[in-house]
Amino acid sequence: MAKSSATKDAQALLHSLRSAYASTPTNLKIIDIYVLFAIFTAVIQVGYMAIVGSFPFNSFLSGVLSCVGTAVLAVCLRIQVNKENKEFKDLPPERAYADFVLCNLVLHLVIMNFLG
Amino acid sequence: MAASSDTVVTPSSLRQAFGNVFSLFILILIGVLAFSIRLFSVIKYESVIHEFDPYFNYRVTQFLTKNGIYDFWNWFDDRTWYPLGRVIGGTVYPGLTLTAGTLWWILNSLNIPLSVETVCVFTAPTFSAFAAWATYLLTKEVKGPGAGLTAAALLAMVPSYISRSVAGSYDNEAVAIFALIFTFYLYIKTLNTGSLFYATLNALAYFYMVCSWGGYTFIINLIPMHALLCIVTGRYSSRLYIAYAPLVILGTLLAALVPVVGFNAVMTSEHFASFLVFIILNVVGLVYYIKGILTPKMFKVAVTLVISAGLIVCCAVVAVLIALVASSPTKGWSGRSLSLLDPTYASKYIPIIASVSEHQPPTWPSYFMDINVLAFLVPAGIIACFLPLTDASSFVILYLVTSVYFSGVMVRLMLVLAPAACIMSGIALSSAFGVFTRSIKFASIGKQVDAGDTGNGVTQNDVVKPDKTEEPPKEKASRKKKKEKENVEKTPIVAKSERRLLMLPMEASVVAILLLMLLGAFYVVHCVWAAAEAYSAPSIVLTSHSHDGLHVFDDFREAYAWLSHNTDVDDKVASWWDYGYQTTAMANRTVIVDNNTWNNTHIATVGTAMSSPEKAAWEIFNSLDVKYVLVVFGGLVGYPSDDINKFLWMVRIGGGVFPHIKEPDYLRDGQYRIDSMATPTMLNCLMYKLSYYRFVETDGKGFDRVRRTEIGKKHFKLTHFDEVFTTHHWMVRIYKLKPPKNRIRGKTKKSKSKSNSASSKRSATRKKNPWH
Amino acid sequence: MSRALALLALLSSFPFLALLSNAFSPENPTDRRVLVLLDDFSIKSSHSLYFNSLQTRGYDLDFKLADDPKIALQRYGQYLYDALILFSPTIDSFGGSLNAAAILEFVDAGHDLILAADASASDLIREIASECGVDFDEDVAAMVVDHTSYAVSDTEGDHTLIAGDNFIQSDVILGGEKIKAPVLFKGIGHSINPANSLVMKILSASPSAYSANPKSKLSAPPTLTGSAISLVSVVQARNNARILISGSLSMFGNRFFRSGVQKAGSTINHDKSGNEQFVTETSKWVFHERGHLKAVNVRHHKVEEAEEPSIYRINDDLEYSVEIYEWSGTSWEPYVADDVQVQFYMMSPYVLKTLSTNQKGVYYTSFKVPDVYGVFQFKVEYEKLGFTSLSLAKQIPVRPFRHNEYERFITTAFPYYGASFSMMGGFFLFSLVYLYHK
């Protein structure tokens, strides 16, 4: 009884989530795909590490953190360019994007440095 | 910042512009003040590097300027910790060295030929000026420029910080405090603006801090604490996410780039808090996002679902984490950090940490000495921070509370408390001035113009203050987040009623302002006194005033110069670790242990040698290829921090590794004494002998001026050591190990064979006794 | 002049030779000028065979009475002699500035000493011997008495003339030729501390010997008995100065040289005692005609490189070589042995290797630097019975890898590299898509 109501709730939840998400602007959706891609790569690496061990630990770290970092930065960008978010009304998306690029440059420079 | 966009009222905008120029001017003056108040040591003594650690930093900087950054990075130093050597590049926080090296390089490429030493000497004062400006920025973010200026002025003079940053005190803290405040400023700035640009800068500032000082763990724990606090109190905002998440990722990566931190950035417990909060923040962010796009009813459904499923997962993860951490012996925490959490930890388990005086808990007078009146202003500052409570002010409060705790554990961390206290006091002072000047102004407006003139006369001293009361409306549009907006809306409306409410009688206000200024004056006097008298002694040159004038004790440099001129380049010098850095830097001789106390066993070996009788000590030193032994002895001139006073630590540290050294053997009824009541073990140990050898020849009695007693054993000879040099005031004594005997003497004693045959016959008969 | 050259040579080869004796020329360690101090000049003729053998070997003997007020060992801080023979057992105080301390100083400066005591040895002689680690029997009237291995003589006597054949087994000290006849000894015995590694008994008494006054009856058991009694001992000090101490002056004398010997209980009657051979061979050893080693040209370098580096890296392969020569009395000959070892030492030996030799004096080996960084030493501690000790130490630091010497492009890490680069690529792709999607 409880179980069926739970599954029903879950279905309703999924449905409403999907419908709510459908209204998201395309640029945000692109970001979401990007974030998912990054997280997916990170998860694969963690799995790989669990199999082969943590020997080149710096490489593992930079690999995973580059994914996580990318995801986090993309989320930040998403927060800033989201029109519904009133906190950042004054921040032009161009500026947000420029900051995002700068941040990414720093991230990837560090990753390159740390990888080898 | 200069011209605000909504310039509707011309006079007010003019006044703002004037105020900005004026505050810039004041800031420059504060910088000059911060720099020049730290020059007492150069004026009173000379332009030298101070104390112990700075000598090492100086030596490293010299190496850096000579050999370049890559050689510095890979520097394997074979002149310390003989024979283990030390990988300098991988064990040193390079921030300070790189900073000074860069400064030197820039100056030299500008054809300003300053020596490396000069640059090193003046690095600390320069950075204290920067720190004052960073304080201004930070406090401005929290409470506006008025408070910022006050805080900056306070910080420029706070004795606690002066003690660590006088000219010549070339230590990590000199730049680290600037880095600390600046990192905090950028965090608050990011929090207020939500800009990724500042987040990047914040990560870079954090990187600089990690480069500079081990105290960076304070940041990486404080900021997560604040983030957590915001989440728990329902203050989560997407700005918090932007301020925190990139900092953790970028900061961790950057920290891992610093060789000395390396994988510790992800492997030790000190950093785990940040990752935990990072995960929580992401979850909370997701929840807020979903809450935003779902209807409240559906959200409730989602919550119940997620909680039931998530709880199990969470428990499992936490259990695994705890098991992992608990499996390591120190629970993943380094000794120093553990002693922060449990103040008794160090004295219980690690004598080497406890032996350092700056790792001891401070006494109450030291609070008054180091932060003076700020201690009384801080509570007022906290109250001011609560009205209204913003993210920024909550951060400052958190900073203060944690640093008060840490300073209570370790006197060295008073240094971290000082900026917090300055910020709080700055806020308190400026709010108080704000209230008083406002009430004077209103009273004077109410009372006619001429009264207002006198009122303005008083306020004139603090032109910034009325400017500051005008501040909230002037806040830039970019800062219009929710709370601030409330604030902005509130001020014009609430202001009037508030002003009327807060209005005090004019006389009271004037008196209060005068009292506050008196307090400030007292603070300034105290700070100048502290800078001039208490904290500017370089500790390698000592002075004392007596009835017949000034005495200068330059024994340390005398001894090091002797070593560098009279010993072989490859000779090894053994001393207690305090003098290791100075010996390598000033005498350029190989030492066994030094102030970088990374190898407890090695230090314990030296401690054991010092507490052993001569022969055993000789054997230990000989096995380490030691040629010379250096002891510091203050008994003749009354220099209290000499080796005899440190000796119990040598015994403790030695005994911690080599159990045949037992502390009670050196104590008579639990008392440490060196007079005739001292234990035989004490009187026969190497440290006693090397310190007091020939001491009785000075005054005939052997009166030790530090211990204020006559020494216990006055006439003795050294069998395994030769005195080779004793400085003018006997403060440093250098002994050479005798080479092994060329011949081994037979049983017959010299005296016996010298005596006449009758006695030798007698001894022969005595010798026969065992046969019967 | 030769001394200046020696000094130069000394300086140029400082680390290796400083530990060798530095008093005589390292290039020519055999002594030249010998001061002989006598009780009276009759000893000169009664011991002429011994002195002649020394003179024919090229020594410049300077005979002085021990109480001659003009004797001086050094002038202007320079020693006038390379060695000293003390044939003055009864002297109570030397003439001139000489005293026990001066003689010991002479030894500590690396010079050699032959000291002969006798039944009437003075306190001064005893003191010098005792400072060198040899304790003569404290009973002044005592002599070594042996009722089983005495030398058969015409008169029955008190068995104080001993025929000793209990030699040390060392070709270096006693020469390659075996001493067939027993050595005649009449004098006092001494003991040495077994823990003293510098002193060696080269002629010890038989187990039945004891040390006591032969004239009086034994009232108590003697202090020195059996083979604990040493008749002749040699000392090699840490600076390789060599000392010979004998309890009998007469064993160097012509009479004992020439007389035949028959050991009690033995039927073989040697018509010439072993004394001449024994004392001549030991004097060769004492005056460094034998058993003096030198080590030169310590070299080490990485395999396949010739330059000597100032620092090694962990796990480097290195080659080490040293040349060891032995002084033959006239020239340096290659020293051949298979027991020379080198240690790569930091508080304890990390590597211990026996060096192989090419029979021409060069000893060499190669090994891998251990995976530990620190300040190491190449140590050769060679101490062999009868030879001068070699103690070479050469300091060399070993550093860890440089930051760019670690392995790169590890295969296991390729997925991580891939992920990182895909993130970078993803960033560009994302930028393109994001900026141009409208």
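- At a 4.5 Å heavy-atom cutoff, the contact between B:Phe278 and chain A is made by side-chain atoms alone.
- The line from CG of B:Leu196 to CD1 of A:Ile79 is 9.0 Å long, rounded to the nearest 0.5 Å.
- Here CD of A:Gln80 is found 8.5 Å from OG of B:Ser238. Values are rounded to the nearest 0.5 Å.
- The environment of OH in A:Tyr34 is crowded: more than 12 heavy-atom neighbours from other residues, nucleotides or ligands sit within 6.0 Å.
- Within 6.0 Å of the OH atom in B:Tyr288, the count of heavy atoms belonging to other residues, nucleotides or ligands exceeds 12.
- Side-chain atoms of A:Val110 and B:Phe207, non-hydrogen and from C-beta on, never get closer than 4.5 Å to each other.
- Among pairs with a residue in residues 97-113 of chain A, those fulfilling salt bridge (Lys or Arg N to Asp or Glu O under 4.0 Å) read A:Arg95-A:Asp99, at least two apart in sequence or across chains.
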Could you pull out every donor-acceptor pair under 3.5 Å between side chains of residues 241-264 of chain B and any protein atom, sequence neighbours left out?
{"from": "B:Tyr241", "atom 1": "OH", "to": "B:Asn282", "atom 2": "OD1", "distance (Å)": "2.6"}
{"from": "B:Tyr244", "atom 1": "OH", "to": "B:Ser274", "atom 2": "O", "distance (Å)": "2.8"}
{"from": "B:Thr252", "atom 1": "OG1", "to": "B:Val248", "atom 2": "O", "distance (Å)": "2.5"}

